[in-house]
Amino acid sequence: MSASPLIEIRDLRIRFHGDDGRITHAVDSVDLSVANGATLGLVGESGCGKSVTSLAIMGLLPKQSVEISGAIRFDGIDLLQTPDQTLRDLRGNRLAMIFQEPMTSLNPSFTIGDQIIETILRHRGGSRKSARERAVELLRRVHIPSPERRIDEYPHKLSGGMRQRVMIAMALACDPRLLIADEPTTALDVTLQAQILELMRELKAASGAAIILITHDLGVVAEVCDEVAVMYAGEIVERAPVDDLFSAPQHPYTVGLLGSIPRLDHRAEQLATIEGMVPNMAQLPAGCRFAARCPFVLDACTKAPPPLIEVSPGHLSRCIRAPLERLVS
Amino acid sequence: MALLEVTGLVKHFVAQRSLFGRALAHVKAVDGVSFSLEAGKTLALVGESGCGKSTVSRLVLRLIEPDAGTVRFNGRDLLALDADSLRKFRREAQIIFQDPYASLNPRMTVGQILTEPLALHDLVAPAQRRARVAELLRLVGLEPRLARRYPHEFSGGQRQRIAIARALAVEPKLIICDEPVSALDVSIRAQILNLLRELQDRLGLAYIFVSHDLAVVKHIADHVAVMNLGQIVETAEADALFASPRHPYSRALLSAIPLPQPKAKRTTVLLEGEIPSALNPPAGCRFHTRCPFVIERCRSEAPPLLADSTGHATACHRTAELPPADAILPAAGGFSPALAKLVAAFSQKTEGASPAGVGIQGTASATTEAMGTVR
């Protein structure tokens with residue numbers, strides 16, 4: 001997108017070493033970048049590596065059993081080469097994350113005010129009084145009614161939508177440059193989801209932070225993202241500006257995904273289905289990882305892993321048959 | 001005659017008791033719900049958490065006892081049945097749940113799970129049971145040899161197939177599907193939805209489909225009832241409801257769903273505030289605290305559910321005065337011409353291959369499960 005991205009991931013590979021000596025290739029050769037003020041959607045089904053990628057950015061993967069290689073450049077430094085102490089200074093400060101489950105991410109034995117103030121004092125210092133004022137201000141920004149009163153409440157007194165607002169307020173406490181949101185609305189009802197998505201759009205416009213939004217919901221992606229990366233079996237199989245991805249997908253997996261969702265704006269007698277299953281991540285096939293399930297498969301697909309090629313400006317696909325329009329005209 | 005006729009169903013749960021066991025507070029989970037369902041059709045109950053949709057589905061099966069109202073199945077009053085006749089009724093109505101992990105006994109093989117209802121209702125002679133199990137597995141797109149395996153060896157979608165096979169074992173006329181695809185990944189969700197539809201066509205099943213996902217409902221339902229805080233606020237033929245939702249709550253629900261169509265032109269109705277508690281629902285219309293069209297009358301007087309000549313019923317004082325609901329869903333199709341062609345090609349090629357999702361490799365499914373926990 002822009003000349004100097006805020007975060008740039010190069011050739012990220014993550015392997016889990018199991019107790020039985022099995023090695024699981026959770027993430028393979030992932031390249032990503034997000035510019036200031038942009039929102040990248042990371043889409044895929046369970047186990048595709050999207051959450052593991054985000055945990056690697058935050059430095060939250062256990063060191064003992066996980067092997068990470070590649071580079072994650074954030075604001076001029078490589079997060080993978082950064083000592084833990086520096087990472088702790090970054091997390092909650094310039095790098096922030098919100099999770100799917102607001103109930104389990106908040107500590108039940110402290111008031112929400114305590115938890116937000118702790119973050120502010122840890123990174124910004126200052127007096128407790130000024131931190132409290134800032135916390136009230138943050139709660140107001142995420143539209144929590146009567147924040148002066150709410151700040152002294154415990155998480156169990158808040159509803160799911162309110163808790164997710166508190167999580168967002170906490171993530172914003174130190175004006176992060178990059179916000180990672182991992183399925184932030186999946187646990188919420190649709191009317192609350194709409195409120196939270198609106199809030200995220202508002203905050204992005206106000207703060208200019210970059211956002212990585214991890215989701216399985218293509219509708220959410222279409223509403224809030226500028227660019228999308230689709231992951232399958234640990235790899236990025238397609239990356240494109242959001243309009244291009246939805247109007248002319250260039251990877252068969254994306255086509256299958258788009259065809260398999262029931263839509264309010266389209267009537268289909270039969271939904272497309274992707275047959276078969278995700279490959280075993282400890283014994284990956286030699287060629288394309290989607291080949292066994294792909295209706296457009298050729299012999300060449302199973303011989304060598306396909307590279308990520310640029311089909312049109314900014315639109316990348318890991319498929320040797322792209323551009324796919326050739327297959328249907 | 002309708003297969004199922006529900007009138008004036010009420011269920012209040014006690015939320016708090018005094019020291020001496022007197023009820024202090026009630027959750028009005030279901031408060032006067034009526035609907036009917038024809039054989040071979042699908043009625044969807046939609047609404048947000050706590051609207052009472054799951055409670056209705058359990059009341060219909062008499063898994064819990066209602067406080068008031070009647071349920072008639074094939075003309076018989078269910079609430080008058082004794083234990084013996086109730087068990088016979090269970091042959092005709094079955095339920096599948098959201099979480100296939102929790103609804104299958106981990107210590108039983110799939111064969112045992114599917115044999116149990118056959119034995120319980122004495123449907124098939126012991127010698128033929130194995131053949132019937134094989135037939136049931138084939139019906140839901142699984143290979144008969146999988147009968148020897150245990151539930152943990154299957155993926156989420158396959159487990160939901162097993163739960164469906166178990167429901168089909170007794171040859172029911174009605175299956176209640178309580179959020180059957182909410183826990184599944186998108187591509188698996190499509191397989192299960194296609195399977196449910198195909199089984200309905202083949203076996204003439206009626207479904208009550210409980211869901212919060214309106215896109216799924218649009219795909220599968222003939223008739224829709226939108227619920228809010230224990231009551232039906234709007235009910236109509238699915239096509240009519242999605243083409244022009246009338247109740248302000250239905251409109252808000254529809255407009256809140258993100259469409260997989262970037263820059264879609266549509267009106268959005270963003271509701272303010274939280275969902276009120278069913279413990280203490282607002283007086284008058286239960287939606288008035290969040291309704292953008294609220295007037296004084298709504299705060300004091302509960303609107304009745306009134307049907308027009310086409311059977312489209314709405315519970316709103318202002319039905320006639322509301323602006324038309326044109327732009328809540330964009331009129332233009334969601335698929336670009338290029339995407340439509342690609343999806344068609346994708347499906348066509350796939351159909352030639354194996355029937356829906358039959359393949360299983362023990363190791364592969366175990367890995368998918370393990371990866372799922374990482375997420």
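A, B, ... follow the sequence lines: proteins, then strands. Residue 1 opens every chain.
For the 3.5 Å distance criterion, the side chains of A/Glu45 and B/Ser187 qualify, holding a donor opposite an acceptor.
Between B/Ala338 and A/Ser247, the closest heavy-atom pair is CB-O, 3.8 Å.
With a 4.5 Å cut-off on side-chain heavy atoms, B/Arg290 and A/Thr191 count as touching. Side-chain contact between A/Pro262 and B/Arg189 is present, with heavy atoms from C-beta onward closer than 4.5 Å. With a 4.5 Å cut-off on side-chain heavy atoms, B/Pro258 and A/Leu197 count as touching. A/Met277 places a side-chain heavy atom less than 4.5 Å from the side chain of B/Ser155. Residues B/Pro260 and A/Phe246 are in side-chain contact: their nearest non-hydrogen atoms beyond the backbone lie under 4.5 Å apart. Looking at B/Leu259 and A/Arg263, their side chains never come closer than 4.5 Å, going by heavy atoms from C-beta outward. For the pair B/Phe335 and A/Asp265, the minimum side-chain heavy-atom distance is 4.5 Å or more.
Interface remark: A/Gln193 contributes side-chain atoms only to the contact with chain B (heavy atom separation under 4.5 Å). Looking at B/Ile220, there are no atoms closer than 4.5 Å to chain A (heavy atoms on both sides), in backbone or side chain. Contact of A/Leu327 with chain B is not made at all, since no heavy-atom distance falls under 4.5 Å.
No donor-acceptor pair under 3.5 Å is formed between the side chain of A/Glu223 and the backbone N or O of B/Gln261. Looking at B/Asn194, its side chain never comes within 3.5 Å of a backbone N or O of A/Gln270 through a donor-acceptor pair.
Note that CG of A/Asp189 is 11.0 Å distant from CG of B/Leu271, once rounded to the nearest 0.5 Å.
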